[in-house]
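Below: one structure, written as structure tokens.
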Amino acid sequence: MTTDRRPVTHTALAVCAGVFVLLAAAALAAPLLVPHPEHAGTATDSSARLLAPSATYWMGTDNLGRDVFSRVVYGLRTGPAIAVLVVSSAVVVGTAVGLVAGYFGGWVDEILMRLTDVFLAVPALLLALALAAVLPRGVVGLTIALALTWWPWYARLVRGEAASVAGRRHVEACRALGLGHCRIMLRHVLPGTTTPLLVQASTDIGGVILVASGLSFLGLGAQAPTADWGLMVQESQNHFATHWWVGTFPGLAIMGVAALSYLTGDALRDRLDPRSTSPRGRMPRRRPGTTEAG
Amino acid sequence: MLSYAARRIGLSALVAFGVVVLTFVIARVVPGDPAAGWAGPRAGPAERDRVRAELGLDLPLPQQIGGYLGGVLRGDWGISVRTHRPVLDDLLALLPNTLQLVLAGLLIGLLVGVPAGLVAARWAHRSPDLLVRTGAVLGGSVPVFWLALLMQMFFATRMGLLPVAGSYDPAVLAANPLVRITGMPLLDALLTGNLPMAASVFDHLVLPALVVAAYPVAVITRLVRAGVLDTLGETHVQMTRALGFPERTVLARFALRPNWNPVLQTCALIFGYSLVNSFLVEAIFAYPGLGGYAAASADVVDLPAIVGVTLLVALLYIAANLLVDLLQAALDPRMGLR
């Protein structure tokens, strides 16, 4: 009884995509949208400290008198932007590694996959934390640390798909025709991997945002006065009990964007992959040390 | 079965070795010149060379890795720059606290997630299902450090129902000294019948454990719901229905059973994830554990400590996975044939 297939998924995907586009537009047009663009930078306003949400300050102000709403909108330019950058670079590197491993098989496969196993044996947040600690502090260091953490997931994913496609007739035919390895991989193997890759990437954006904001919360990511959601929650920590709005809205923003990416992944899977019956969402995908492609 | 176990153990050992090399690379290769960092900013070139020789940084890389691996195996994980104590001693002192928190979160995850998944599957696409699924999406997307702050503000600071921070009440400990058996305060207190201390530890554990449980609950709920929905379509389950078993029995006994295996597997994954998630939670509840240690070490770039935490957690994670696989192979004879 696979009752999980319903026509609403098309609507769901359209809604998710629409919200995504809106958020991207808001990130780009942030200076035009918010009342206090200067509050995303070094500007402070000592006359407006810790004001509760009102018609003037929709989400109140923080301890430096900065408009929380303006900073939350500007936050779209750090967390989610970092996540998109991280996921796209990790997808490129991971796909390259996975394609080579899956297509050639044998000892190449063995070496590359044991390498990804090692990376996957360290939980993502911890590996990113260790890397971020030794890399220069700030958004750039954080992005590099996260990209180094995330590529093995895609390598593993693409490798499994590529290995199954590489054995099919049409690829054998290409080989018999004498096409180059590069061309076969890019033109005939890669297309078979795009669906799971797309689903995973859209789900992972939320995962990266959660880890990135966690690191910023610990002081290992974006540095003050950057408008970053994780950092904003951390800055609100000392007066959270008395001035709830300062930290609550950035946290809601993180949750909203993470949930959006989560739902987009589910909707994409339902739309693109009719074989799958069980939406699993942001699920850990495989475990270190298992040989079977998972 | 035996050859399967041997293969899995061998593979785990290989991955563990790889993790040691990875942590070595993070500690010695990524930061540029570790000798300069060790010697301090005012050290001259001569001083740096001396430090380099002292730390063995002038040796060829394979030899350095060999020395490092030897140290790890002997239990010499370096001296923390921040606490000036052996890293391994620091870690082992804090580990039981973190384990207690993570295991509590995992337990809540199972106790809430499995019934919630069953409820969602029983009334699929109706309001209970919608409610459960919304909860699962939110549970998987909530930043734990923020949830921790909210819960702390609401239940501890505002309503005063539970303690704000710490892992026990020092006054209670002074009156009822704790005997260390496992190192996990709650378990030790219960084992020795130290009820006042058990109550104090329990009170302090409730909020952090609930926050850590958000992710396990979300993942297990989704897994059980999807799995049970799939299984309901299978003939052996439909057979039980035809035999006239009540719906409750069909779901909880027959449709759930084949899904215990994936749930068990997922527990190992969640364990690794929650272990690190608990770091953020510990930071907020001032709960003494690996998290506070890692955060403080990362803040001052205390490399031996950071690398030590990474190594320890990775080894625990590998061990948990190995354990689950061996457990499965023991429970399910088909596993050994793969």
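Proteins come first, then strands; the chains are lettered A, B, ... in the order of their sequence lines, and each starts at number 1. These numbers were taken from a predicted model, which means no experiment stands behind them.
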Stepwise side-chain contact (heavy atoms from CB on, under 4.5 Å) check, B:Leu150 with A:Thr248: CA-CA 8 Å; B:Leu150 278 184; A:Thr248 301; 4.1 Å; yes
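- Contact count versus chain B (heavy atoms, under 4.5 Å) is highest, among A:Thr242, A:Leu260, A:Leu252, for A:Leu252.
- Between the CG atom in A:Leu129 and the CZ atom in B:Phe279 there is a gap of 8.0 Å [rounded to 0.5 Å].
- Nearest heavy atoms, A:Tyr262 versus B:Gly140: CE2-CA, 4.1 Å.
- Residue A:Gln234 holds its CD atom at 10.0 Å from CG of B:Leu149, rounded to the nearest 0.5 Å.
- One distance of note links CG of A:Leu210 with OH of B:Tyr215; it measures 9.5 Å at 0.5 Å rounding.
- Contact of B:Ala156 with chain A is not made at all, since no heavy-atom distance falls under 4.5 Å.
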B:Trp146/A:Ile254 under side-chain contact (heavy atoms from CB on, under 4.5 Å): CA gap, chis, key distance, verdict: CA-CA 9 Å; B:Trp146 178 77; A:Ile254 300 173; 5.9 Å; no
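- Of the atoms belonging to A:Leu126, heavy atoms from both backbone and side chain fall under 4.5 Å from chain B.
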A:Asp266 vs B:Arg222, test: salt bridge (charged side-chain N to carboxylate O under 4.0 Å, His left out). Steps then yes/no. CA-CA 12 Å; A:Asp266 270 5; B:Arg222 284 171 74 95; 2.8 Å; yes
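- Using a 4.5 Å cut-off between heavy atoms, A:Phe217 contacts chain B through its side chain alone, with no backbone atom that close.
- With respect to chain B, the highest number of heavy-atom pairs below 4.5 Å among A:Gly251, A:Gly256, A:Ala133, A:Ala130 belongs to A:Gly251.
- The two residues A:Trp244 and B:Met153 make their nearest non-hydrogen contact at CB-SD, 4.0 Å.
- Scanning all heavy atoms of the two residues, the minimum distance from A:Pro123 to B:Tyr317 falls at CD-CD2, 4.0 Å.
- Shown here for A:Leu218 and B:Ala295, the closest heavy-atom pair between the two residues is CD2-CB, 3.8 Å.
- The candidate from B:Ile284, B:Leu275, B:Leu138 with the greatest count of non-hydrogen atom pairs under 4.5 Å with chain A is B:Ile284.
- The two residues B:Ala298 and A:Arg137 make their nearest non-hydrogen contact at O-NH2, 2.6 Å.
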Given the rule in the side-chain contact (heavy atoms from CB on, under 4.5 Å) test, do B:Leu22 and A:Phe119 qualify, once you have shown the distances and angles that lead to the verdict? CA-CA 8 Å; B:Leu22 179 66; A:Phe119 275 82; 3.8 Å; yes
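- Annotation: the span from A:Leu120 atom CG to B:Ile318 atom CD1 amounts to 10.5 Å, rounded to 0.5 Å.
- Ranking B:Ile306, B:Thr310, B:Val237, B:Thr157 against chain A, the residue ahead of the rest is B:Thr310, based on heavy-atom pairs under 4.5 Å.
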B:Ile26 and A:Leu127: CA distance, side-chain angles, deciding distance, side-chain contact (heavy atoms from CB on, under 4.5 Å) verdict: CA-CA 10 Å; B:Ile26 293 175; A:Leu127 183 56; 4.0 Å; yes
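- Taking OH of B:Tyr273 as the start and CG of A:Leu125 as the end, the distance is 7.5 Å to the nearest 0.5 Å.
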